[in-house]
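What follows is a set of notes on a single structure, which appears directly below.
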Amino acid sequence: MAEVNLETSAKSAVLLEPESGKILFEKNAHAHVAPASVTKLMTLLVAFDAIDQGKVGLQDKVVTSQRAFEMGGSQIYLEPGEEMGMQDLLMSIAVQSANDACVAVAEHVSGSYEGFVDEMNKKAASLGLKNTHFVNPHGLPAEDHYTSAYDMAIIAKEALKYPKLREMAATRHYKIRGDSAKPMLLDNHNKLLWWYAGTDGFKTGWTSEANFCLASTVERDRLRLVATVFGVPEMRGHFKESMKLFNYGFSKYRFFPVAEKQHPLAQVKVAKGEKDTVAVVPLGTPGVMVERGKDKNIEAYTEVVDSVNAPVEAGQKLGELVVVQQGQEMRRVDLVAQEAVRKDTLGGQMEKIWQRMYAVQ
């Protein structure tokens, strides 16, 4: 990475482009830092993994334990035995940074607080993180509870897989217990949602040990960036330092499109299917991040399979879009089936054979 003339009061910081994983700026990126409530981004990620795997659902009713009730710090004042929907609890974590909601979610997802923390560490290991270890799901100070600016940027990159998680993190206000005698309006702690256009995540943090911390993400003109700042001493400084990183990133880089989103780029033959071909489309937004002024001679070509046997699932990978600049590969974008193609009946297959034979005659 080239030297960057950028100063920050953060103890450690990273600016990352998540599609390529390229680090655009770093300062003490791998140093161990106390994550405070930024920890909750991993809590949300593990919970959404469980939802994605069908282990739990957003409509689940979660019963508050004594342990959740006894949590201090930022909270939604859960009572022992109180039932709340999983969605409201996750929103309470994302918006209000509620510690008691973290405990309730952890126990519901994994059966125990300790089991959930174990899942957090397994997730960190699966992402290849070398400087992260959790001992709780909320981020209150604890021995052996740490992360790094780089590792948390990778956690944020992984969290981008779940649009619903990002939607929650971008919610400015949310009301819980609306039909009860004690409704509560939650206000998002992430001021970038108001102060910096394009912000849609993720999580703030503060303790006297950690100072001010923030993991955030912004998308502008199809370029998405992730920033993490830790150990900022001044109040609201984590927002100022994050905006400084984003300003640098968006001023120096831009997104270069190579195809239209969801636009078919090729047709693949389908054997034994109700349809003979299926269109392939790029997954996500096809393009690359480039340094401004250095966007010449960028091209893209497709590499797809010759044929595929039915059934074909919508979204099934059938090839790649390869982006090159002056012959050097910059990025590969998955090409997937635009729609599902069911396997044809034996009668249907025979009819197609007869039609081809007739056409030849």
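Since the model is a prediction, treat every value here as computed from it, not as a measurement.
- Taken together through direct or relayed side-chain contacts under 4.5 Å among Ile, Leu, Val, Met, Phe, Trp and Tyr, Leu78 and Ile176 form part of one hydrophobic cluster.
- Under 3.5 Å, the side chains of Tyr196 and Asn247 contain a donor-acceptor pair of N or O atoms.
- One hydrophobic cluster holds both Val270 and Val304 under the rule that ILVMFWY side chains link at heavy-atom gaps under 4.5 Å.
- A donor-acceptor contact shorter than 3.5 Å is absent between the side chain of Glu79 and the backbone of Glu82.
- Taking the six-membered ring where the residue is Trp, Tyr146 and His32 present parallel rings, their angle staying beneath 30° rather than reaching 60°.
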**Request:** Kindly determine whether Ser37 and Ser97 satisfy side-chain hydrogen bond (donor to acceptor under 3.5 Å, both in side chains), including the steps that lead there.
**Result:** CA-CA 7 Å; Ser37 284; Ser97 198; 3.3 Å; yes

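- The CG atom of Asn99 lies 11.5 Å from the OG atom of Ser92; values are rounded to the nearest 0.5 Å.
- Counting heavy atoms from C-beta outward, Val268 and Thr277 have side chains that stay 4.5 Å or more apart.
- By the 6.0 Å and 45° rule, Arg166 does not stack over the aromatic ring of Phe202.
- The cluster map of Ile, Leu, Val, Met, Phe, Trp and Tyr, joined by side-chain heavy atoms under 4.5 Å apart, puts Leu214 and Val218 in the same cluster.
- Note that OG1 of Thr285 and CD of Glu19 are 7.0 Å apart. Values are rounded to the nearest 0.5 Å.
- Under the 4.5 Å side-chain contact rule for hydrophobic residues, Phe116 and Val135 do not share a cluster.
- The backbone N or O of Lys11 lies less than 3.5 Å from a partner atom in the side chain of Asn28, making a donor-acceptor pair.
- Using bins of under 30°, 30° to 60° and over 60° for the plane-to-plane angle, the ring pair His138/Tyr113 lands in the tilted bin.
- In the hydrophobic cluster analysis, where Ile, Leu, Val, Met, Phe, Trp and Tyr join through side-chain heavy atoms closer than 4.5 angstrom, Ile93 is grouped apart from Phe69.
- The side-chain heavy atoms of Leu45 and Lys123, taken from C-beta on, include a pair separated by under 4.5 Å.
- Atom CG of residue Leu44 and atom SG of residue Cys102 lie 7.0 Å apart, to the nearest 0.5 angstrom.
- Summarising the geometry, atom CG belonging to Leu89 is positioned 7.0 Å from atom OG1 belonging to Thr64; distances are rounded to the nearest 0.5 Å.
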**Asked** Passes side-chain hydrogen bond (donor to acceptor under 3.5 Å, both in side chains), Thr217 versus Arg224? Steps please.
**Response** CA-CA 7 Å; Thr217 182; Arg224 178 172 292 281; 2.8 Å; yes

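- Note that CG of Leu6 and NZ of Lys244 are 6.5 Å apart. Values are rounded to the nearest 0.5 Å.
- From Leu185, atom CG reaches atom CG of Asp187 across 5.0 Å, with rounding to the nearest 0.5 Å.
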**Request:** Test side-chain hydrogen bond (donor to acceptor under 3.5 Å, both in side chains) on Asp151 and Thr132 and set out the steps.
**Result:** CA-CA 7 Å; Asp151 285 6; Thr132 292; 2.8 Å; yes

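- Side chains of Glu320 and Thr302: no donor on one and acceptor on the other come within 3.5 Å.
- Of the N and O atoms on the side chains of Asn188 and His173, not one donor lies less than 3.5 Å from an acceptor on the other residue.
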**Request:** Test side chain to side chain contact (heavy atoms under 4.5 Å, CB included) on Met330 and Val324 and set out the steps.
**Result:** CA-CA 5 Å; Met330 300 178 70; Val324 297; 5.7 Å; no

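- If you run side chain to side chain contact (heavy atoms under 4.5 Å, CB included) between Val109 and each of Lys55, Met86, Glu119, only Met86 comes through.
- Relative to the six-membered ring of Trp195, Lys191 misses at least one condition, a distance below 6.0 Å or an angle of at most 45° to the axis.
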